Structures are given as structure tokens and as C-alpha cells.
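Order of the sequence lines sets the chain letters (A, B, ...), proteins ahead of strands, with each chain counted from 1. Because the structure is predicted, anything quoted here is derived from the model rather than measured.
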Amino acid sequence: MKSSVQAVKGTRDYYPEEMGLRNLLYSTARAVSESFGYQEWDSPFLETLDLYAAKSGEELVKEQAFVFPDRGGDLITLRPELTPSLARMVAQRQRQLVYPLRWWSWGPCWRYERPQKGRTREFFQWNVDLIGVDSPQADAEMIALAASFIRQIGLQPSQVSILVNNRALISSELSRMGVPTEKSKQVFRLIDRRDKMSSESWEAYALELGLNPDQLQGLKNLLADQELWRKSPDLTACFDLIEALGLKDYVRFAPQIVRGLDYYTGTVFEAWDNDGEFRAILGGGRYDNLVAAVGGDPLPAVGFAMGDLVVSLVLKKFKALPPDLGASPAKVLVTVFDESSLHSSFAVAADLRRHGFPTAVYPEVAKLSTQLKYGDRMGFWVILMLGPDELAQDQITIKDLRRGEQQTIPQAELVEQLRYLLPPPA
RNA sequence: GUGGGUGUAGCUCAAUGGCAGAGCACCUGACUGUGGAUCAGGUGGUUGUGGGUUCGACCCCCAUCACCCACCCCA
């Protein structure tokens with residue numbers, strides 16, 4: 001029934017199955033990051049409020065971050081994202097680090113928001129950044145790394161795409177249409193909302209911003225122009241490299257992607273499920289001003305972040321999750337027949353562990369059907385049985401649950417048989 | 001911060017204001033050495049909580065808490 005003490009609003013409990021998914025995301029993020037030569041870093045979960053006030057949008061931080069005074073009265077923030085901490089750490093050692101930096105991180109972040117589908121107050125975020133280089137090659141690598149993750153986690157190009165644009169390209173097109181530079185920030189916001197509003201209210205919003213009808217039509221043409229990227233040398237080079245990396249199927253140009261944040265300066269990208277059912281799976285781009293914003297010297301950078309929630313929803317939707325997330329980490333279960341054979345069962349289990357096979361042994365004497373059912377439900381691959389019949393002849397029975405077969409063999413051949421039936425020992 | 005919805009068995013959900021139910025899960029047995037499948041039986045409830053209306057409340061009303069969805073926002 002309902003427990004009297006509840007979990008904190010917006011948090012999740014990680015039962016073994018959910019922990020399996022969390023670990024899958026983490027291990028995949030790690031594997032992909034490292035395959036591109038990125039190093040893991042981390043920061044404190046607690047930061048000063050000042051760190052986030054240094055960025056634009058300080059009002060959002062005050063309203064959406066967990067902020068509380070420490071005993072000395074300083075305002076402490078539970079980190080709502082990783083990038084400001086990264087910028088702080090880079091600025092602190094800016095002269096001693098070896099560039100380009102290839103850094104990745106994974107960890108919990110907190111935002112004080114109303115929980116809803118795909119959004120909790122505590123979540124995990126994967127962050128990847130390439131710092132110190134201002135080149136389309138760097139942009140291409142970042143997009144390719146994101147695409148590699150999507151492929152590695154088991155999502156197909158028919159299911160998920162990475163949409164790429166360039167803010168500098170859109171800016172120059174806007175000024176060519178006579179949109180004043182001081183309006184570009186608002187127009188980016190307008191573009192960002194294109195798919196979130198009805199076309200009538202979107203056009204009304206555009207005219208409200210002061211666009212004339214010609215400029216509005218020009219903007220609509222712009223957003224419909226799938227070949228616009230050819231006008232951008234950066235995007236042209238970027239797409240060419242992504243093709244060389246063999247990931248072109250996941251990536252396409254999308255002029256409506258501009259990102260909501262103000263600090264992006266060039267290439268921007270987001271990964272979406274192709275039905276547009278959820279929010280962006282991941283998002284990022286080039287941000288060449290952020291390190292300077294926290295007190296360092298100007299340093300170009302490109303990166304992206306991915307929360308654990310939306311990608312999990314997408315994986316569930318496409319049934320791309322491995323079926324054994326809640327299974328026992330051991331593949332072998334040794335049953336216990338009766339009091340007199342208990343010692344032998346435990347000895348077999350110990351011997352298998354010494355040979356590198358993770359092995360569980362049933363922890364009490366119980367009916368065999370109970371033990372088999374347990375083994376089945378916990379996802380073991382093989383169950384070992386040794387009762388009076390086997391023990392009398394130094395034999396053991398191996399039941400292969402996945403094939404529904406069993407055989408009785410000399411105990412001396414057990415390890416050899418398991419090497420055949422199981423993944424290689426650790 | 002704003003609006004809407006839902007709270008009934010472990011889970012998913014039924015039940016004109018009139019005996020609180022089903023499916024799944026679980027336990028037992030059919031099957032004293034064999035999981036998944038089938039069949040039979042069984043355990044399981046202060047209907048979120050507190051008030052009110054009523055002869056009578058899961059149902060109507062008020063309050064409260066929790067969760068969900070959307071808006072807002074998304075670093």
C-alpha cells in the first residue's frame with residue numbers, strides 16, 4: 001500500500017530494472033565518448049548562484065534552479081546543467097590545459113519545475129564538449145559523436161534524426177532581407193516557435209515584432225529552403241565530413257532549428273524522433289563566448305547535452321531497450337536439492353566464481369520447481385542441478401533455459417560446457 | 001506560476017446513491033527431481049486523507065494531499 005513517507009516530488013527511485021537502463025545510458029555515453037578520444041570530468045553538484053548569474057537568463061536560474069542559503073548565508077545552487085561548471089573549470093586553468101580539450105561528463109542535475117512527461121526535477125545529463133577550436137571539422141565531430149550514440153543505443157535513421165542549422169547563416173540571410181541586427185535575437189525566438197504555434201498566430205507574432213509582409217514572406221521562404229545550407233561554407237564542410245564519417249543517414253539540414261538559448265553563435269543542432277512526438281532528445285551547438293562570460297579569455301567551443309528522460313521515452317517507444325535490463329548479473333544459478341547436498345551446491349558455485357563466471361546459488365532448500373521458476377524470472381541463462389543421482393556419480397545437470405534443453409555431464413566437464421553456453425568469463 | 005484530469009487489491013482498471021468486482025500478478029494443488037503453457041482452488045480492500053449531504057456514499061458537496069497531462073519555461 002501507500003508508504004507513509006514519500007519520495008521527494010519530481011525524483012525517481014531506481015529499482016534494478018531502471019538502474020539497468022540508467023547504467024546502459026551511462027555506459028553507452030562513456031563508450032562513445034571514449035571512442036572519439038574524450039576524457040571524463042566532473043564538477044561539484046553544488047555551485048554558487050553567481051556562476052549561473054554570469055550567463056544570460058539569470059531570471060530563469062532564480063526561478064528554475066534549486067537555490068538555498070548555506071549556514072553562512074551564501075546562496076548555493078544544485079547544478080541545473082553542466083556547461084557553466086565546465087566553463088568555470090576551464091577558465092580556472094585556462095593557461096595550463098592542453099588544447100583542444102575533448103571532455104565529457106555524466107551526472108545528476110536538478111531543476112525546480114513542475115514535473116510532467118519527460119521532465120523531472122532530478123535527472124541525468126550527458127555533456128560533451130570540444131573546446132579551443134573554431135572549425136567546421138570540430139562541429140562535424142560533435143554531430144558525428146551524437147549520431148554515433150544514437151546508433152550505438154539502437155535507434156535507426158528512420159526513427160531519429162539530427163537536425164542541423166547555423167545561426168550565422170540565418171543571421172546573414174536576415175540582414176540581407178533588411179531585418180535590423182538588433183531584432184535578430186527576437187527573430188530567432190520567432191523561428192524557434194514556428195512549430196509550437198498555429199500558422200495564423202505565428203504570422204501575427206511576426207508582424208507584431210515589426211517584420212513587414214515582404215520580410216515575413218522572405219522568412220517563410222527561408223524556412224522552407226532545404227538547400228539553404230549550400231550558402232554556408234561551414235555547413236557545407238560540416239556535412240561533407242559527416243558523410244566521410246559514415247553517419248550521413250542520421251543528419252540533415254533544418255533551417256528552423258535555432259535553439260532557444262542566446263549563447264549559441266554558429267552551428268546548432270538537435271536530435272528528434274522523426275514523428276516529433278517528444279521534445280528534443282539532445283541539443284547543442286557552437287558557443288564561442290561562454291568561457292569569457294565566466295571570467296576567462298575568449299575561447300571557442302562546441303558541445304551538446306542530452307538528458308536521460310527523453311531518450312528513454314524514445315527507446316521505449318521504438319522498443320529498442322534490451323529485454324534483460326532487470327535480469328540477474330549472474331548467468332548461472334545453482335539449485336539446492338536438500339540439506340545433505342547443500343555443501344556441494346555451494347562448493348560448485350564457489351568454483352565457478354573462481355573461473356570467472358558470476359554465479360548465484362539458491363539460498364535455502366526449496367522445492368525444485370520454486371527454484372526453477374526463480375531462475376526463469378530472474379533471467380538466468382543456465383541452471384545447475386545436483387541431487388542424489390548426480391552426486392552419486394560425480395555428475396551435474398545443466399539446464400539451458402533459453403533453449404529448453406538439459407544434459408547431465410561429469411562435473412569435471414562443467415567449466416568447459418559453460419564456456420560454450422555463456423559469454424566469455426570476465 | 002496558470003489550467004485540466006485522476007486517486008478502488010501488488011499492477012491495469014470496472015462498479016444508476018443500494019452486497020466492492022474482473023484481468024494480470026502472487027500462493028497452493030493437479031506434478032514428492034523440472035521454469036515458460038493449461039486447469040482447479042485460494043490469499044489479498046479503512047475505495048488517498050478529513051469533513052459534509054443522505055435511511056444509505058467508491059459514487060454527490062467542501063477541504064486537503066498525492067500523482068498525471070498541458071501551458072509557461074527549457075540552461
Side-chain angles (χ1 to χ4, degrees), chain A residues 1-12 15 47 49 51-66 77-87 109-121 123 125 127 189 192-193 196-197 259-264 268 270 278-285 287 290 293-294 303-307 309-310 333 335-338 341 345 362 365-392 395-408:
Chain A
M1 203 51 218
K2 200 161 276 188
S3 55
S4 54
V5 179
Q6 289 164 337
V8 173
K9 185 186 186 75
T11 62
R12 293 166 288 169
Y15 290 83
E47 292 277 10
L49 180 61
L51 175 65
Y52 305 100
K55 290 175 55 178
S56 61
E58 61 282 343
E59 284 303 314
L60 296 178
V61 171
K62 282 172 187 159
E63 285 171 17
Q64 295 188 5
F66 277 87
T77 303
L78 277 168
R79 63 181 188 189
E81 59 162 335
L82 295 166
T83 306
S85 300
L86 170 72
C109 297
W110 295 265
R111 294 179 195 176
Y112 196 81
E113 300 181 287
R114 293 251 327 230
Q116 55 187 274
K117 189 170 190 175
R119 177 191 289 176
T120 56
R121 289 184 172 179
F123 57 96
Q125 195 170 77
N127 223 70
R189 190 170 174 74
D192 188 47
R193 298 201 155 207
K196 299 168 187 168
M197 303 172 70
R259 305 285 292 151
L261 291 178
D262 295 335
Y263 62 60
Y264 289 108
V268 288
E270 294 177 347
F278 307 107
R279 296 198 309 284
I281 297 164
L282 59 84
Y287 56 96
L290 194 57
V294 294
F304 71 87
M306 183 193 80
L309 283 152
V310 177
L333 175 67
T335 57
V336 172
F337 190 79
D338 58 18
S341 63
S345 289
Y362 205 82
V365 177
K367 287 195 311 181
L368 189 58
S369 64
T370 301
Q371 300 186 49
L372 286 170
K373 187 165 191 174
Y374 171 79
D376 182 43
R377 298 200 51 184
M378 288 300 296
F380 289 94
W381 290 18
V382 301
I383 292 184
L384 303 182
M385 292 174 280
L386 59 171
D389 296 350
E390 288 88 352
L391 285 172
Q395 289 184 322
I396 190 161
T397 297
I398 302 180
K399 188 175 186 67
D400 183 338
L401 285 179
R402 304 196 303 166
R403 293 181 192 170
E405 299 166 355
Q406 76 177 50
Q407 54 180 326
T408 300

Tell me which nucleotide among [options] gets nearest to the side chain of [X].
X         : options                : answer
Lys373(A) : G35(B), C74(B), C71(B) : G35(B)
Asp376(A) : C69(B), G36(B), U34(B) : G36(B)
Leu372(A) : G35(B), A25(B), C73(B) : G35(B)

Go through the N and O atoms of the side chain of [X] and the base of [N], and report whether any donor-acceptor pair is under 3.5 Å.
X         : N      : value
Glu390(A) : G33(B) : yes
Gln406(A) : U34(B) : yes
Arg402(A) : G36(B) : no
Arg119(A) : C73(B) : yes

Next item on the list: For nucleotides A57(B) and C19(B), find the distance between their P atoms and express it as a whole number of Å.
Entry: 12 Å
- Task: May I ask you to decide if Thr11(A)'s main-chain N or O and Thr120(A)'s side chain share a donor-acceptor pair within less than 3.5 Å?
- Result: no
Subject >> Whether Gln125(A) side chain and Ala305(A) backbone form a donor-acceptor pair below 3.5 Å >> reply: no
(request) Remember a base hit wins even if backbone is also touched, and classify Arg193(A) as base, sugar-phosphate or nothing at under 4.0 Å, heavy atoms. (result) sugar-phosphate
Exercise for the section: Determine the contact category for Arg121(A): base if any of its heavy atoms lies under 4.0 Å from a base atom, sugar-phosphate if only primed atoms, P, OP1 or OP2 are that close, otherwise nothing. Expected result: nothing
When rounded to whole Å, the NZ to C1' distance for the pair Lys9(A) and G1(B) reads 13 Å
In terms of ring plane angle, is the pair Tyr264(A) and Tyr287(A) parallel, tilted or perpendicular, where the classes change at 30° and 60°?
perpendicular
